[in-house]
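Working notes, beginning with the structure itself.
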Amino acid sequence: MKKTLIAATCALLAAGMALTGCNKDKKTAGGAAPKGEPKKMVLRYAEIQAQDYPTTEAAYKFAEMVEEKTGGRIHIDVYYGGQLGDEKALIEQLQFGGIDFARASISPLSEFEKSLNVLSLPYLYKDAAQMWRVLEGDIGENFLKSVEKANIIGLSWFDAGARNFYNSKKPVTKLDDLKGLKIRVQESKLMMGMVKALGANPTPMAYGEVYSGLQTGVIDGAENNWPSYESTSHYEVAKYYVLDEHSRIPEMQMISKSTWDKLSPDDQKIIKECALESAKIERKLWAEKEGASEAKVKAAGSIITELEPGEKEKFQAAMAPLYTEFGAGYEDIIKAIQSK
């Protein structure tokens with residue numbers, strides 16, 4: 001709670017500085033903008049990833065498109081690298097308007113809108129193409145709208161690839177290979193339940209502690225996508241990576257409802273259009289990053305395996321208790337997703 005309040009305070013201070021700095025040159029002695037010049041709106045976009053990460057690059061492109069389409073009336077400053085807090089803190093700041101835009105995984109977002117747990121269910125999709133058929137259709141649009149109850153407007157979906165298991169002990173090609181391994185997970189009941197159902201021991205741990213945890217043997221493995229596996233250098237201390245693709249957890253680009261309500265209908269339309277366009281850019285950048293990360297870890301000696309025939313079905317069958325627990329009340333939506 002204390003960290004969240006600090007992050008929120010920092011966001012508000014940053015907002016004040018941004019507004020002061022951008023308005024300074026345009027104010028007359030009386031404090032008003034020069035006649036004939038449209039009033040400029042300066043908004044803040046928060047991102048936890050590095051400046052060269054696909055989601056951050058897409059955020060910059062989004063800001064650029066909005067400024068161009070509004071003739072400079074709306075300027076968006078992008079704060080990358082977690083300057084304004086972690087994902088949960090950013091979501092909370094969106095709720096009361098401390099920041100204007102953010103991008104977050106639906107894992108922390110599901111704490112604010114429980115129905116999003118459905119999209120995080122393991123082995124929900126056959127492949128990436130099926131996931132995008134879902135997200136770009138009515139089902140995806142309804143999930144974007146679901147966060148409005150939390151004073152957030154969902155704008156578009158970003159790709160975060162498929163998550164896979166990796167460990168420092170042995171190659172994994174079948175379900176039994178995971179048994180007994182200590183696997184780091186996010187502090188999520190769903191993710192902990194998944195690892196436990198597969199016979200491994202879930203170990204909640206802060207993301208920044210995973211490298212040392214693998215290095216010292218506190219944990220045996222973790223799970224994540226190609227870019228994260230590579231950018232964190234986890235491949236240096238956990239060289240066995242299995243392509244089980246247990247989760248495809250999309251990410252949402254969002255705007256604070258308080259900011260959205262201040263925009264004219266025309267500007268709302270522009271924001272939405274630019275968000276959808278930046279999502280296409282992010283998917284392209286993500287695919288490029290995945291390819292580069294995969295090549296890098298293979299060149300460094302990582303051992304990449306696939307599941308043996310018939311094993312994927314065993315992994316999926318083990319998830320039945322999670323579907324019962326987290327899919328309760330959403331059975332029809334799950335069936336609709338799986339039929340796409």
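Within 6.0 Å of atom CG in D127, more than 12 heavy atoms from other residues, nucleotides or ligands are found, so the atom counts as buried in its surroundings. Heavy atoms from other residues, nucleotides or ligands lying under 6.0 Å from NZ of K170 number more than 12. For E331, the CD atom counts as densely surrounded, since its 6.0 Å shell holds more than 12 non-hydrogen atoms of other residues, nucleotides or ligands. At most 12 heavy atoms of other shown residues, nucleotides or ligands fall within 6.0 angstrom of atom NZ in K340.
A salt bridge is defined here as a Lys NZ or Arg NE, NH1 or NH2 lying under 4.0 Å from an Asp or Glu carboxylate O, and K335 with D332 fails to meet this definition. Between D159 and R248 no salt bridge is recorded (no basic side-chain N to carboxylate O distance below 4.0 Å). Under the 4.0 Å criterion applied to side-chain N and carboxylate O atoms, K179 and D176 are assigned as salt-bridge partners. The pair K284-E288 meets the salt-bridge criterion, with a side-chain N (NZ, NE, NH1 or NH2) lying under 4.0 Å from an Asp/Glu carboxylate O. Salt bridge annotation for K196-E325: absent, with no cationic side-chain nitrogen under 4.0 angstrom from a carboxylate oxygen. Between K61 and E282, no side-chain nitrogen of the basic residue sits less than 4.0 Å from a carboxylate oxygen of the acidic one, so the salt-bridge criterion is not met. Using a 4.0 Å cut-off between a side-chain N of Lys or Arg and a carboxylate O of Asp or Glu, K88 and E111 qualify as a salt bridge. Between K145 and E148 there is no salt bridge, since no side-chain N of the basic residue sits under 4.0 Å from a carboxylate O of the acidic one.
The closest side-chain donor-acceptor pair between E113 and S146, if any, does not fall under 3.5 angstrom. Donor-acceptor pairing under 3.5 Å is lacking for the side chains of E230 and W226. Side-chain contact, N117 with S120: no donor N or O sits under 3.5 Å from an acceptor N or O. For the residue pair E308/T173, the side-chain donor-acceptor check at 3.5 Å is satisfied. Q51 and Y80 share a donor-acceptor pair across their side chains, judged by distance under 3.5 Å alone. A donor-acceptor contact closer than 3.5 angstrom is absent between the side chains of Y45 and D77. Looking only at atom types and distance, the side chain of E47 has no donor-acceptor partner in the side chain of Y53 under 3.5 Å away.
For H246 and F315, the ring centers are positioned 6.0 Å apart or more. Under the 6.0 Å cut-off for aromatic ring centres, F143 and W157 do not qualify, their centroids lying 6.0 Å or more apart. F62 and F101 have their aromatic ring centers within a separation under 6.0 angstrom.
For the atom pair CD (E236) and CG (L214), the distance works out to 11.0 Å, reported to the nearest 0.5 Å.
The ring-ring contact (aromatic ring centres under 6.0 Å, His included) with Y229 is formed by just one residue from the set Y166, F165, Y240; it is Y166.
Residues G154 and V147 come closest through the heavy atom pair N-CG2, 3.7 Å.
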